[in-house]
Amino acid sequence: MSRPRMRLVVTADDFGYCPRRDEGIVEAFLAGAVTSVSLLVNGAATESAAELARRHSIPTGLHANLSEGRPVGPARRGASSLLGPEGFFLGKMGFREAVAAGDVDLPQVREELEAQLSCFRELLGRAPTHVDGHQHVHVLPGGQTPSWA
């Protein structure tokens, strides 16, 4: 009797963070050590990373980010519970503390995540193969999965 065949998925996240990291990730994919990537749509090298993913046919998911850099959605144009005074996300611990204190407006979270999904679709011309979270900020108290996921 044959055993069921299993497939190991190794995903490299932070794709689009910077060109050097992206080069290493692509090298690992081409060598067979990485099987997919997660694109950070607000990274410094997002557009070139998307091009690399298309060129090398890399399975690509969305690396949802609420903790680092600037937003891509409506929050970038004004005040938001997701941002500090300089217009950047609150950071990993800052975001978690704000959530725990009840200071995060969940509709603003939804708007930003939907904007990131839209940005992903514009960059790659398709839906992501998967969605995961940068610095695990997708794990909000209450264990609720957003309806867009």
Side-chain angles (χ1 to χ4, degrees), residues 1-76 81-83 88-102 104-149:
M1 186 159 106
S2 66
R3 300 176 100 182
R5 194 169 178 142
M6 296 178 73
R7 180 173 178 239
L8 175 65
V9 176
V10 179
T11 301
D13 63 14
D14 295 348
F15 198 54
Y17 188 85
C18 70
R20 290 197 57 164
R21 183 174 297 179
D22 297 344
E23 290 170 19
I25 290 171
V26 170
E27 186 177 316
F29 174 77
L30 294 174
V34 165
T35 57
S36 66
V37 299
S38 295
L39 182 66
L40 197 60
V41 297
N42 72 331
T46 299
E47 291 180 12
S48 61
E51 170 57 30
L52 287 168
R54 285 191 303 274
R55 183 180 327 144
H56 297 289
S57 300
I58 303 172
T60 306
L62 172 63
H63 198 46
N65 179 15
L66 298 172
S67 62
E68 190 173 5
R70 293 191 184 271
V72 298
R76 73 177 181 263
S81 66
L82 304 176
L83 308 178
F88 291 92
F89 286 125
L90 300 170
K92 178 171 66 172
M93 294 312 297
F95 180 76
R96 289 178 182 179
E97 290 167 4
V99 168
V104 172
D105 182 2
L106 292 181
Q108 290 175 347
V109 169
R110 181 186 182 105
E111 285 178 340
E112 177 59 24
L113 294 177
E114 287 176 345
Q116 289 183 25
L117 182 59
S118 177
C119 184
F120 181 97
R121 286 182 170 140
E122 288 175 24
L123 287 162
L124 287 154
R126 61 168 178 78
T129 58
H130 63 277
V131 177
D132 58 24
H134 185 60
Q135 300 177 331
H136 305 287
V137 296
H138 61 289
V139 185
L140 297 173
Q144 295 181 355
T145 302
S147 61
W148 63 271

Rounded to the nearest 0.5 Å, what's the gap from CG on Asp22 to CZ on Phe15? Could you check? 5.0 Å
How long is the span from the CG atom in Leu90 to the CZ atom in Arg96, to the nearest 0.5 Å? 13.0 Å
Would a distance-only check, ignoring hydrogens and angles, find a side-chain to backbone donor-acceptor pair under 3.5 Å from Thr129 to Thr60? yes
For Ala45 and Ser48, the nearest pair of non-hydrogen atoms, with its separation, is O-OG, 3.1 Å
Does a side chain donor of either Asp14 or His134 reach within less than 3.5 Å of an acceptor in the other side chain? yes
I need the Asn42 CG to His63 NE2 distance, nearest 0.5 Å. 10.0 Å
What's the shortest heavy-atom distance between Ile58 and Leu52, and which atoms? CD1-O, 4.1 Å
Say whether, by atom type as modelled, one donor and one acceptor occur between the side chain of Ser81 and the main chain of Asp105 under 3.5 angstrom. yes
Between Val41 and Leu62, is a side chain to side chain contact (heavy atoms under 4.5 Å, CB included) present by the stated rule, with each step listed? CA-CA 8 Å; Val41 297; Leu62 172 63; 3.8 Å; yes
Checking Gln108 against Glu112: is there a side-chain donor and acceptor pair closer than 3.5 Å? no
Taking everything shown except Glu47 itself, do over 12 heavy atoms lie less than 6.0 Å from its CD? no
Work out which heavy atom in Thr46 is nearest to a heavy atom in Leu40; give both atom names and the distance. OG1-O, 2.9 Å
Looking only at heavy atoms, the pair that brings Phe29 and Val34 closest together is CD1-O, 3.2 Å
How close do Gln135 and Ser67 get, counting heavy atoms only, and between which atoms? OE1-OG, 2.6 Å
Taking OH in Tyr17 as the centre, count heavy atoms belonging to other residues, nucleotides or ligands within less than 6.0 Å. Is the count above 12? no
Look at Glu23 together with Arg20 and state whether they make a salt bridge at an N to O cut-off of under 4.0 Å. no
